[in-house]
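Note sheet for the following structure.
Every chain is numbered from 1 and lettered A, B, ... according to where its sequence line falls, protein lines coming before strand lines. Every heavy atom of this structure was used, including side-chain atoms; hydrogens, water molecules and symmetry mates were not.
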Protein chains: 2
Amino acid sequence: MLPEEKDTINQLTKAPIESLNLHSITVVTNLYRAAQGLRNKMEREVLAKHGLSWTSFSILYDLWIWESVETKKLALSAGVSKATISNITNTLERKELCFRKVDNRDRRITCVVLTNKGRKVMEELYPRFHEGEVEVVSSLSVEEQKLISGLLRRVIRENDF
Amino acid sequence: MLPEEKDTINQLTKAPIESLNLHSITVVTNLYRAAQGLRNKMEREVLAKHGLSWTSFSILYDLWIWESVETKKLALSAGVSKATISNITNTLERKELCFRKVDNRDRRITCVVLTNKGRKVMEELYPRFHEGEVEVVSSLSVEEQKLISGLLRRVIRENDF
DNA sequence: TCATAATCGTTAGCATTGAAACGATAGTAA
DNA sequence: TTACTATCGTTTCAATGCTAACGATTATGA
């Protein structure tokens with residue numbers, strides 16, 4: 001929050017400024033803005049070539065690493081609902097980047113598997129994605145990168161994100 | 001990235017592990033996970049009562065602070081496209097929380113203005129939202145909050161986010 | 001065994017999101 | 001004035017995303 005906004009907030013909420021934790025507001029604002037910018041940059045500069053969204057890419061990444069992943073675990077990993085995973089899986093199947101496979105031991109469970117075409121896309125895309133990752137945080141030293149990762153991880157753990 | 005994934009990546013990309021900047025990967029992963037968790041928590045625990053999304057709320061917040069804001073500035077502030085602002089404005093108008101007003105000096109420009117009903121919603125919602133903000137970062141000390149804000153701000157500045 | 005509960009993925013319905021195309025308006029130059 | 005260009009917001013269309021309801025499958029317990 002900008003300093004000049006304090007009085008505005010104070011006036012609008014009719015609450016004393018002391019009751020607002022400005023540091024928390026700043027962290028949350030900067031955290032979301034950085035993440036939003038990161039996503040937009042990656043989708044625009046890297047993923048658009050293959051018509052993939054950030055979430056689609058993160059799902060392909062999981063499949064690339066683990067070969068076969070349950071729908072529920074994909075949702076947990078990407079932080080989206082299982083309905084979203086179902087929709088995105090449909091799109092990825094249409095592009096022949098993955099396919100569904102029902103678990104034989106528990107027929108309620110559906111696994112998603114990467115196709116060879118999907119693997120090729122990731123082999124081309126991941127290096128470019130990684131370049132973007134490096135670029136985004138290049139203004140921070142390695143020590144600062146370790147520091148911010150540790151702080152973010154504590155927020156994640158403490159909130160079960 | 002988990003340590004045991006290094007070899008997997010190394011094998012899949014056919015690239016030496018030295019060419020992967022693991023610190024950058026960790027920062028990006030934790031940054032997006034924290035932001036995603038933050039958004040989901042707020043939409044679920046605070047905004048769902050009024051059927052508002054994170055972006056809808058951030059637009060209402062801007063209107064609350066600035067009274068009247070151009071469509072383009074709303075898009076820049078929220079980090080979404082102007083088409084999204086147009087759609088969300090339609091929804092907010094339907095809920096009678098804001099209305100459009102064409103600029104008289106430049107009829108290409110449309111300003112969005114908060115209604116009294118919209119102001120009442122914000123007066124009720126913002127304190128709850130702020131509680132969530134405080135809660136999310138409560139595991140960090142004030143010094144750590146200043147630290148992470150500074151680091152995030154540098155990322156934002158350096159990338160023009 | 002059989003009824004009940006729990007879990008899983010999909011579907012339906014609606015809001016959000018962005019790229020591209022589009023009309024309307026304003027600015028610029030001949 | 002008259003083109004040409006630039007800017008702005010909306011519309012179109014497809015994909016993403018969530019909640020709730022649903023059907024199918026498995027687990028539990030009497």
Side-chain angles (χ1 to χ4, degrees), chain A residues 35-37 39-60 68-95 97-113, chain B residues 35-37 39-60 68-95 97-113:
Chain A
Q36 182 87 323
R39 174 171 180 153
N40 288 341
K41 172 194 169 75
M42 291 303 197
E43 290 186 338
R44 193 177 55 244
E45 298 180 4
V46 179
L47 306 179
K49 292 182 187 66
H50 288 79
L52 293 172
S53 67
W54 175 281
T55 308
S56 298
F57 178 80
S58 78
I59 290 175
L60 285 180
S68 176
V69 185
E70 304 171 19
T71 294
K72 179 160 191 172
K73 289 185 178 177
L74 287 176
L76 201 62
S77 170
V80 297
S81 71
K82 49 188 183 170
T84 296
I85 297 296
S86 189
N87 287 331
I88 291 185
T89 301
N90 287 334
T91 302
L92 294 177
E93 266 191 344
R94 214 177 306 132
K95 293 183 179 180
L97 301 181
C98 71
F99 61 91
R100 289 175 164 87
K101 181 170 163 47
V102 176
D103 190 305
N104 287 330
R105 290 166 300 189
D106 187 341
R107 300 178 55 78
R108 291 173 301 183
I109 297 176
T110 296
C111 286
V112 185
V113 188
Chain B
Q36 181 87 324
R39 173 170 180 153
N40 288 340
K41 172 193 171 74
M42 291 303 196
E43 290 187 339
R44 193 177 55 246
E45 298 180 3
V46 180
L47 307 179
K49 291 181 187 67
H50 289 78
L52 293 173
S53 67
W54 175 280
T55 306
S56 299
F57 177 80
S58 77
I59 290 176
L60 285 180
S68 175
V69 184
E70 304 173 19
T71 296
K72 180 162 191 175
K73 288 186 178 178
L74 288 175
L76 199 64
S77 171
V80 298
S81 71
K82 49 188 183 170
T84 297
I85 297 296
S86 188
N87 287 327
I88 290 185
T89 300
N90 286 334
T91 302
L92 293 178
E93 267 191 343
R94 214 178 306 131
K95 292 183 177 179
L97 301 180
C98 71
F99 62 91
R100 289 175 165 87
K101 179 167 166 49
V102 176
D103 190 306
N104 287 330
R105 290 164 300 185
D106 187 342
R107 298 179 56 79
R108 294 173 300 182
I109 297 176
T110 297
C111 286
V112 186
V113 188

Assuming nearest nucleotide by heavy-atom distance, tell me which of B:Asn104 and A:Ile85 is located more 5' along DNA chain C. A:Ile85
Find the distance [X]:[atom1] to [N]:[atom2] and express it as a whole number of Å.
| X | N | atom1 | atom2 | answer |
| --- | --- | --- | --- | --- |
| A:Gln36 | C:dG18 | CD | P | 7 Å |
| B:Glu43 | D:dT19 | CD | C1' | 12 Å |
| B:Trp54 | D:dG17 | CH2 | C1' | 17 Å |
| B:Leu74 | C:dT17 | CG | C1' | 16 Å |
| B:Leu76 | C:dG18 | CG | P | 13 Å |
| A:Leu47 | C:dG18 | CG | C1' | 14 Å |
| B:Asn40 | D:dT19 | CG | C1' | 13 Å |
| A:Glu45 | C:dG18 | CD | P | 15 Å |

In the 5'-to-3' direction, what one-character label does each nucleotide of nucleotides 1-8 of chain D receive under the scheme B = base within less than 4.0 Å of a protein heavy atom, S = sugar-phosphate only, - = no such atom? -----BBS
Within a radius of less than 6.0 Å around NZ of A:Lys49, do more than 12 heavy atoms belonging to other residues, nucleotides or ligands occur? yes
Take atom NZ in A:Lys41; do more than 12 heavy atoms of anything else shown fall under 6.0 Å from it? yes
Under 3.5 Å donor-acceptor, [X] side chain and [Y] backbone:
| X | Y | answer |
| --- | --- | --- |
| A:Glu93 | A:Arg100 | yes |
| B:Lys95 | B:Gly51 | yes |
| B:Thr89 | B:Ile85 | yes |
| B:Ser58 | B:Thr55 | yes |

Side chains of B:Ser81 and B:Thr84: do they bring a donor and an acceptor to under 3.5 Å? yes
Verify the contact: side-chain N or O of B:Arg100 to OP1 or OP2 of D:dT10, cut-off strictly under 4.0 Å; return yes or no. yes
Sequence neighbours excluded, which residues qualify as side chain to side chain donor-acceptor pair (under 3.5 Å) partners of A:Asn40? none
N/O contacts under 3.5 Å, protein versus nucleotides 14-16 of chain D?
residue, atom, partner, partner atom, Å
D:dA15, OP1, A:Arg94, NH1, 3.2
D:dT16, OP1, A:Ser56, OG, 2.9
D:dT16, OP2, A:Thr91, OG1, 2.7

Between B:Gln36 and A:Val80, what is the shortest heavy-atom contact and its length? NE2-CG1, 3.7 Å
